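Worksheet: one structure, shown below.
By convention in this document, chain letters (A, B, ...) are assigned in the order of the sequence lines, proteins followed by strands, and residues within each chain are numbered from 1. Please read all numbers here as calculations on a predicted model, not as lab measurements.
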Amino acid sequence: MKIVVSARNGTRDFECDPGEKILHAGLRSGVELPYECATGTCGTCKARLVGGRAESEWPDAPGGRSLQSAAELLTCQSVARDDCTLALGTALKSRAPSAPTPRALGGVVRARRALTHDVVALQLDVDGPLDFDAGQFALVTVPGIAGARAYSMVNFDRGAERLSFVLKLKPGGAVSNWLFGDGVEGTRLGLFAPLGHATFHPDVRKHVLCIAGGSGIAGMMSILSLACREGHFGAWDGHVFFGVRTARDGFFLDELEAFRAQYPARLSVTVALSDEDVPASLPAAYPGFAFARGFVHAVAGERMKGRFADVRAYVAGPPPMVDASLRLLLREARLPPADIRYDKFS
Amino acid sequence: MGPYDRHVFVCTGGETCPTQGETENYVKILRAGVQNAGRSSDVRINKSGCFSQCGHGPMIVVYPDDVWYAGVRESDLDEILTSHIIGGNPVERLRYDPGKPGPNKIVGEKKGAEGRAPASDVGRAGPAWKRVCRSDEVPANGMKAFPVDGVDVLIVHTGEAFVAYQALCPHEAVALEQGVHDGSVLTCLEHMWQFDVRTGAPIGDAETGLTGYRLKEERGELYVALEG
């Protein structure tokens, strides 16, 4: 089926397969349709159906609150039933030539490892080598479970054949139940990747500030992995703020210490505990880190005071934490939006 | 009879229509709709210069029906397209009736994209002021949204003065109140669209500005004019 998209700066068309999400068809064809979460939550991908038939596979998606008429749809949840003409309220951006084109592929679960009582690491062997930028995510579908979930890649490799993710368990959640069941290893999952604009490139000549809450640290690990490999912290500062509730919710601390130890003069790691005072065991185990009690955005705001010049900030975590961090970065730090990259997951 | 059943003119070249709506985009949307309806051979959509009705825009004229539309918003295009251009039934609620022949410009009164200004209001002595709130309900350097006659209005205290805008971001209909401003730039937290606090003009990535309302302060109370 042919999809024609008229945006404010021109008209593009692409082919869409039966059952394929319109957003995916556009992106894999090089048409940079707008999106942010790609999972029906944020509403960024809305478009107006001017002609043809299309249907949402998730009519109650929370992102639907931004739709203003029955003719509007979320391209990330909609499939075409016919040739369609869509109108976008915004302009189509052009993708950076170096940015990898996303595609649908499959992957097999090879390892599952508990990181904390409710966070699990998953490794996936993918069908073919996948290029992605540090900080990007993948849409993952589990057989028998409706809808896709977005997970950031933890690792960074060109032509990666193995992807690492972290999953936060939600009591009663369909994916969580599956993850706790038998036969997870060896399960074949569906992927659409890579996606996301909160990316780091070594040619960014700026200090790097990472503010992460909980499993939001995943994408930061990918960014730190690339930045360390490229020697970025030889010339620029890195500030990592990692917020969790209590000491037992912390993970990847050994991995963060390994990054820090490579650039002790310029790379700092601060762990913020929101729900308890810092137990003495933590600084004893990680003498190179700083620890503080408080919300991670507040801790970052306090410790970064006067040090926001030439900073590129990355933010990921639960929506309230991301919003609070964005307020800090815009109002106190006065960073331009181009230097604030974020993922909100809910 | 000319070569087209219907011939539609959208003002994209006048002084005010293109500032009151994205009329170039209106043309694209209408053309896509006509094409999709399979009517490209008998319906023609043309860009047009000024109709000399400045201030009533964005304007669209449909011949041979001689139906004029004023204050057309992007959200109205579907109805105009389906009902009138394709279906032959003019959209009465959007029809323009200047009440007198010839040029009919409203000069110098409007800024930005206030939208529809019914012709019957043109000669009125002054705007209808609606009370919004007490001045002290919006702290210095703060902002807050209030419902006024069914319209949500955002009052921004720039530190020096009050200004009034549409309460929702034009991008994704997100409440601007949740965003931040520093007295000169207002940023919507959802996708980082930014606007000049004093004028509502778009900055950076933002593609459209904010609709502003005239505001006055009297005896510690704020009033806005929703139209005109």
Side-chain angles (χ1 to χ4, degrees), chain A residues 4-11 13 34-36 42-46 48-53 63 65-72 74 82-93 197 319-320 322-342 344, chain B residues 18 21-40 73-82 85-86 141-143 168-175 177-195 202-208:
Chain A
V4 177
V5 175
S6 65
R8 293 165 59 134
N9 55 344
T11 297
D13 61 75
Y35 73 94
E36 209 164 85
C42 72
T44 304
C45 69
K46 79 170 175 186
R48 203 159 43 82
L49 186 66
V50 182
R53 288 184 307 133
R65 70 185 180 282
S66 67
L67 303 182
Q68 285 156 356
S69 80
E72 291 189 336
L74 301 176
D82 205 348
D83 289 352
C84 287
T85 304
L86 297 171
L88 288 181
T90 55
L92 285 169
K93 301 208 160 121
H197 308 110
V322 172
D323 284 344
S325 299
L326 297 185
R327 286 196 185 89
L328 164 81
L329 295 172
L330 287 164
R331 193 154 38 194
E332 323 299 335
R334 303 181 70 90
L335 293 186
D339 281 323
I340 304 175
R341 304 296 175 94
Y342 62 96
K344 266 186 232 192
Chain B
E22 295 291 331
T23 55
E24 291 276 351
N25 200 42
Y26 287 18
V27 172
K28 286 180 194 152
I29 291 170
L30 292 176
R31 282 180 180 162
V34 167
Q35 186 180 16
N36 192 65
R39 297 288 299 276
S40 305
R73 298 181 186 186
E74 195 168 313
S75 54
D76 298 324
L77 293 177
D78 260 347
E79 195 178 350
I80 293 175
L81 183 69
T82 317
I85 299 174
I86 305 297
N141 305 309
M143 58 181 163
L168 296 181
C169 180
H171 184 206
E172 294 288 341
V174 171
E177 191 185 19
Q178 302 300 319
V180 298
H181 84 82
D182 60 4
S184 61
V185 177
L186 191 162
T187 307
C188 177
L189 225 47
E190 200 60 38
H191 303 99
M192 302 273 177
W193 274 28
Q194 295 194 313
F195 309 93
I203 300 172
D205 270 357
E207 294 173 9
T208 47

Please determine, among [options], the option with the most heavy-atom pairs under 4.5 Å with chain B.
options: A:T90, A:D323, A:I340; answer: A:T90
options: A:L326, A:T11, A:T44; answer: A:T44
options: A:C84, A:A91, A:A87; answer: A:A91

Kindly indicate whether the side chain of A:R331, heavy atoms from C-beta on, has any atom under 4.5 Å from the side chain of B:T187.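 The answer is no; the side chains never approach within 4.5 Å.
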Is there a side-chain contact between B:V185 and A:L330 (heavy atoms, below 4.5 Å)?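 Result no, sub-4.5 Å side-chain heavy-atom pair not found.
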Quick one: what part of A:L329 sits under 4.5 Å from any heavy atom of chain B, side chain, backbone, both or neither?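 Contact with chain B involves no heavy atom of A:L329 at all.
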Side chain / backbone / both / neither for A:E72 at chain B, heavy atoms under 4.5 Å: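 A:E72 has no heavy atom closer than 4.5 Å to chain B.
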Over all heavy atoms of both residues, which pair between [X] and [Y] is shortest? Give the atoms and the distance, please.
X: B:N25; Y: A:A7; value: OD1-O, 3.7 Å
X: B:A32; Y: A:V50; value: C-CG1, 4.4 Å
X: B:D78; Y: A:A71; value: OD2-CB, 3.9 Å
X: A:T85; Y: B:N36; value: OG1-OD1, 3.7 Å

B:Q35, CD atom: more than 12 neighbouring heavy atoms under 6.0 Å: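 No, because the 6.0 Å sphere around CD of B:Q35 holds 12 heavy atoms or fewer from other groups.
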I'd like to know which of B:Q194, B:H181, B:E24 tops the heavy-atom pair count under 4.5 Å against chain A.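 Counting heavy-atom pairs under 4.5 Å, the top option is B:Q194.
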Residues two or more places apart in sequence or in another chain: which of them pass ring-ring contact (aromatic ring centres under 6.0 Å, His included) with A:Y35?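 ring-ring contact (aromatic ring centres under 6.0 Å, His included) list for A:Y35, sorted by chain: A:H197.
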Quick one: side chains of residues 332-339 of chain A, donor-acceptor pairs under 3.5 Å with protein atoms, not counting sequence neighbours, listed by atom name and distance.
from: A:R334; atom 1: NH1; to: B:D182; atom 2: OD2; distance (Å): 3.4
from: A:R334; atom 1: NH2; to: B:D182; atom 2: OD2; distance (Å): 2.9
from: A:D339; atom 1: OD1; to: A:R312; atom 2: NE; distance (Å): 2.9
from: A:D339; atom 1: OD1; to: A:R312; atom 2: NH2; distance (Å): 3.4
from: A:D339; atom 1: OD2; to: A:K206; atom 2: NZ; distance (Å): 3.1

For B:Q178, is it the side chain, the backbone, both, or neither that has a heavy atom closer than 4.5 Å to a heavy atom of chain A?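 It is both, since atoms from each part get that close.
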